[in-house]
Visitor: 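Please find one structure pasted underneath; my questions will follow.
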There are 2 protein chains.
Amino acid sequence: MPSAEELPQCVCGALRTVTRAVTQLYDDAMRPAGLRITQYGLLSRIARLGPVSAAVLVDSLHADQTTLARALKLLEQDGLVRRAPHSDRRAKRIELTAEGGRKLAEARKLWLAAQQRMVGLIGEAEWRAMRGRLNGLLGVAAKESRAAKPRGSP
Amino acid sequence: MPSAEELPQCVCGALRTVTRAVTQLYDDAMRPAGLRITQYGLLSRIARLGPVSAAVLVDSLHADQTTLARALKLLEQDGLVRRAPHSDRRAKRIELTAEGGRKLAEARKLWLAAQQRMVGLIGEAEWRAMRGRLNGLLGVAAKESRAAKPRGSP
DNA sequence: GCCAGATGCATGTATATACATGCTTCACGC
DNA sequence: GCGTGAAGCATGTATATACATGCATCTGGC
């Protein structure tokens, strides 16, 4: 019989275990660029969405606003991202700097190599199937979150 | 057409996004016990494996040794876990305290409720299928890790 | 106009995670 | 017996993540 690694029964525990293992591989791959995979993902998203407010990124990442704020601060310190004034003066206009664009292009090669290797190992179809299931799980979890937070809790 | 949440194409990014969302639900569920889902998972694993060395837990969790060490320190401070001498005097014999056992029993009810709710939402069969795929991915990632580390890198 | 509540961010604190490094102890060849 | 390298942990540092909270600004009702 196949591997049967000792993945927890817990949905969350299983996800966390696999995520730890996979993150290590991607972080290793990105190391030559001096970026973590999380940072690369954020840069890439900013580039794709264009200059945006933090709130847009938060929605898109399903992450806490404070998590994003700290990540952005690091990228700003490294000169890869700029937080410019926004027409809504509460908000910031978040965009890549020129150096951020260059770093992203450099890092994208590393990411692509890691991604292709990973997808090659598990199989293209397998990854499509898994991503679809992950997407469904995200939808369920996001709906639960929205149900728990807005009314009643505060 | 269905949800089509904006999950990244990146294997790692997709996993991290879903893991964040799911972790929030489980952490919320565990809050009445004063435990995070990670801590519950660790307590549960120690209970199931019996008194063990840290190395056994590290293998089982696919986590770094330092990650585990810090998690154990917190549980020890809370009186839930004990690090007793081991026959191999380099190692520690890690085991639950009596209070740790009680806390685990209390927390297990909360976990079970969250788990049943989550599995109910996505469907039992769906979860089995996803867990199998996650298991396969873990196997691949773990093999890659082993291939990258032991020889060549240091 | 003006104020109450909502919205958008930032900061303080705490845990989760990993890398580099160092200390202790063990196992093994000689 | 005695090094020498390996194994098992702990600590320093850095990022990832989230909760509680606070400040500035905006929006709608009056």
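Convention: sequence-line order gives letters A, B, ...; per-chain numbering from 1. This one's a predicted model, so the numbers in the text were calculated from it and none came from an experiment.
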Visitor: D/dT17 C1' sits how many Å from A/L74 CG, rounded?
Guide: 13 Å
Visitor: Identify whether any heavy atom of A/T38 sits under 4.0 Å from a base atom; if not, whether one sits that close to sugar-phosphate; answer base, sugar-phosphate or nothing.
Guide: sugar-phosphate
Visitor: Expressed as a whole number of angstroms, how long is the span from B/L68:CG to C/dT15:C1'?
Guide: 14 Å
Visitor: Measure from CG on A/L43 to C1' on D/dA16 and round the result to the nearest Å.
Guide: 15 Å
Visitor: Between B/D64 (CG) and C/dT15 (C1'), how many Å, whole number?
Guide: 16 Å
Visitor: Nearest whole Å is fine: how far is D/dT17 C1' from B/L25 CG?
Guide: 15 Å
Visitor: Round to the nearest Å and state the distance from B/R36 atom CZ to D/dA18 atom P.
Guide: 10 Å
Visitor: Going by the rule salt bridge (charged side-chain N to carboxylate O under 4.0 Å, His left out), which residues pair with A/R31 if we only count those two or more places apart in sequence or in a different chain?
Guide: A/D28
Visitor: So, is B/R89 near the phosphate of C/dC26, with a side-chain N or O under 4.0 Å from OP1 or OP2?
Guide: yes
Visitor: Taking CG from A/D78 and P from D/dA14, how many angstroms apart are they, rounded to a whole number?
Guide: 13 Å
Visitor: Identify the two heavy atoms, one from A/Q39 and one from A/G34, that lie closest to each other, and give their separation to 0.1 Å.
Guide: OE1-O, 4.2 Å
Visitor: Does B/R128 come within less than 4.0 Å of B/E124, counting only side-chain N to carboxylate O?
Guide: yes
Visitor: So, taking the atom named CD1 in B/I94 and the one named CZ in B/R45, what distance separates them when rounded to the nearest 0.5 Å?
Guide: 13.5 Å
Visitor: When the distance from CD of B/E76 to P of D/dC9 is rounded to whole Å, what number comes out?
Guide: 13 Å
Visitor: Are any of A/Q24's side-chain N or O atoms less than 4.0 Å away from OP1 or OP2 of C/dC19?
Guide: yes
Visitor: So how far is it from A/L35 CG to A/Y40 OH, rounded to the nearest 0.5 Å?
Guide: 9.5 Å
Visitor: Assign a letter to each nucleotide of nucleotides 7-13 of chain C from its 5' end: B, base within under 4.0 Å of a protein heavy atom; S, sugar-phosphate only; -, no contact.
Guide: BSBBBBB
Visitor: In Å and rounded to the nearest 0.5 Å, what is the CD to NE2 distance from A/E6 to B/H62?
Guide: 4.5 Å
Visitor: Hey, is the side chain of A/T67 poking within less than 4.0 Å of OP1 or OP2 on D/dA18, counting only N and O atoms?
Guide: yes
Visitor: Could you tell me whether B/E106 and B/K103 make a salt bridge, using a distance below 4.0 angstrom between a side-chain N and a carboxylate O?
Guide: yes
